[in-house]
Amino acid sequence: MDNLTYISFIAITVSLALMLPLMEKKTRRVTIFMIVGIFACLFISEVNGILLKAFDNDVYYVTTTITPVTEEIIKMLPILYFAIVITDDRRTLIANSFAVGVGFALLENVVILTQNVENVTIFWALVRGFGSGLVHGICTVMVGWGVSYVKKRRKLFYCGTFALLSSAIIYHATYNLLVQSKYQYVGILLPIVTYIPVLLLTVGKKSKSSKAVKQ
Amino acid sequence: MYLYLSLALTICAGIGFGYGLYRFFQDESALYVRMIIFSVGCAMFGRLFETLQYLVNGELGSGFHVGMLGIVGSFLFLFSANFGQMDSVVDDGSSAFRKTRIISLAAPAVIVAIWCLIAVAKGLNKTTIPLGVETLFIAQASYFHLKHLIIKDVEYGLIKAIRSYNLFALIYALLCMLEMLIESFNLPEICIAVVYVLQCVVLLVFVPVLERGVKKWTT
């Protein structure tokens, strides 16, 4: 049997790519970034494989210390490229960042599913859906927010983005640590607890700005 | 003991971060202030990771761990706020401030000297090298904290208002280095407890002190 990671990658991205010409500009951009996120996951799966070997197949150490660093850096690169070359508009970057994160989580979930197909349950699906999907999305959004300063304030961009990247890495590592421990329920709650206030804040801001436009 | 001390630090940083979010994120507030609050938040995340490591594994382990990035990120936010936002306002780069700039180098010199002490005693290994990286970030932030503590004030008392905040930030930098020193030399547990308690106090009062200073900007 061929490598299941590549099979999943092709199956998902081809269908998404074929839909691109039919989409409107905004939706197309977000979908492209989702595909980029899926590709980032494919790329990092190879890198992580090499790292795992380098650390004597110590899965626990690698997933709580090394992969959060590599994954967050790889997810940041397309956002950084987009901000430098195309636009550093914060709203656009945040939407794209979330798409990269979700795309990444999508392939990651599929890969883990194919590796543990006999053990997965509906509960597992809920954990992965609410947990890893949100974690990857939130972490990439954190970095994307910092990247939005790339052209406006260089001094802030260099230090601020690295600081936000550090925060995203810790957040990601904390989630990985919790879900592999006996406190995995707390691990699942962590991204949800973070997501709700961000969601409320965003919805509140949107309704405020739409009210201001109406007036 | 480390678990409880680390937990106490997480809670104190969490309270400071929560208070900062409540006070400054409802309306549009200065990016400078927001970055300092993010700094406390980053410290909280780092300590949370360390606490969970103690809880799950019983130890942090030697060498690099992700919790270190909490300190790195925290001081990067502080550095970014000062270097990217405040410094260009208070220092126009003229020779009038040369003396202040030179004196301010004392803070990073002390910070780096503490790490050198560890490196000389323990040698360069997988524990001291990550600590050295951490030290670099603490040192660069401490330069601006000392500078903004001693620099001649610009108009409207902009820097004078936040001098106590800069003093606390400088103390925090020193406490982080002391923590490193005590852990490296396996000094008595009471020493580490004192440093942790002092860090708790600093993280708790950080945002209220900043708030008091920032209020003076508008009054």
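So you know, we letter chains A, B, ... as the sequences are listed, proteins then strands, and number each from 1. Source: prediction; values computed, not measured. Quick note: numbers below take in every heavy atom, side chains included, and nothing from hydrogens, waters or symmetry partners.
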Check whether any side-chain heavy atom of [X] sits under 4.5 Å from a side-chain heavy atom of [Y], and report yes or no.
X        : Y        : result
A:Phe162 : B:Phe77  : no
B:Phe49  : A:Leu177 : yes
B:Val56  : A:Tyr60  : yes

Under 4.5 Å from any heavy atom of chain B, what part of A:Leu165 do you find: side chain, backbone, both or neither?
neither
Roughly how far apart are [X] [atom1] and [Y] [atom2], rounded to 0.5 Å?
X        : Y        : atom1 : atom2 : result
B:Ile71  : A:Ser166 : CD1   : OG    : 11.5 Å
A:Ile170 : B:Met68  : CD1   : CE    : 12.0 Å
A:Tyr183 : B:Leu52  : OH    : CG    : 9.0 Å
A:Thr64  : B:Gln53  : OG1   : CD    : 5.5 Å
A:Lys182 : B:Leu55  : NZ    : CG    : 7.0 Å

Non-hydrogen atoms of [X] and [Y] that approach each other most closely:
X        : Y        : answer
A:Ala163 : B:Cys42  : O-SG, 4.4 Å
B:Leu48  : A:Thr174 : CD2-CG2, 4.2 Å
A:Tyr61  : B:Phe64  : OH-O, 3.8 Å

Atom CG of A:Leu200: over 12 foreign heavy atoms under 6.0 Å
yes
Using a cut-off of 6.0 Å, state whether more than 12 heavy atoms not belonging to A:Tyr195 lie near its atom OH.
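At most 12 heavy atoms, drawn from other residues, nucleotides or ligands, come within 6.0 Å of this atom.
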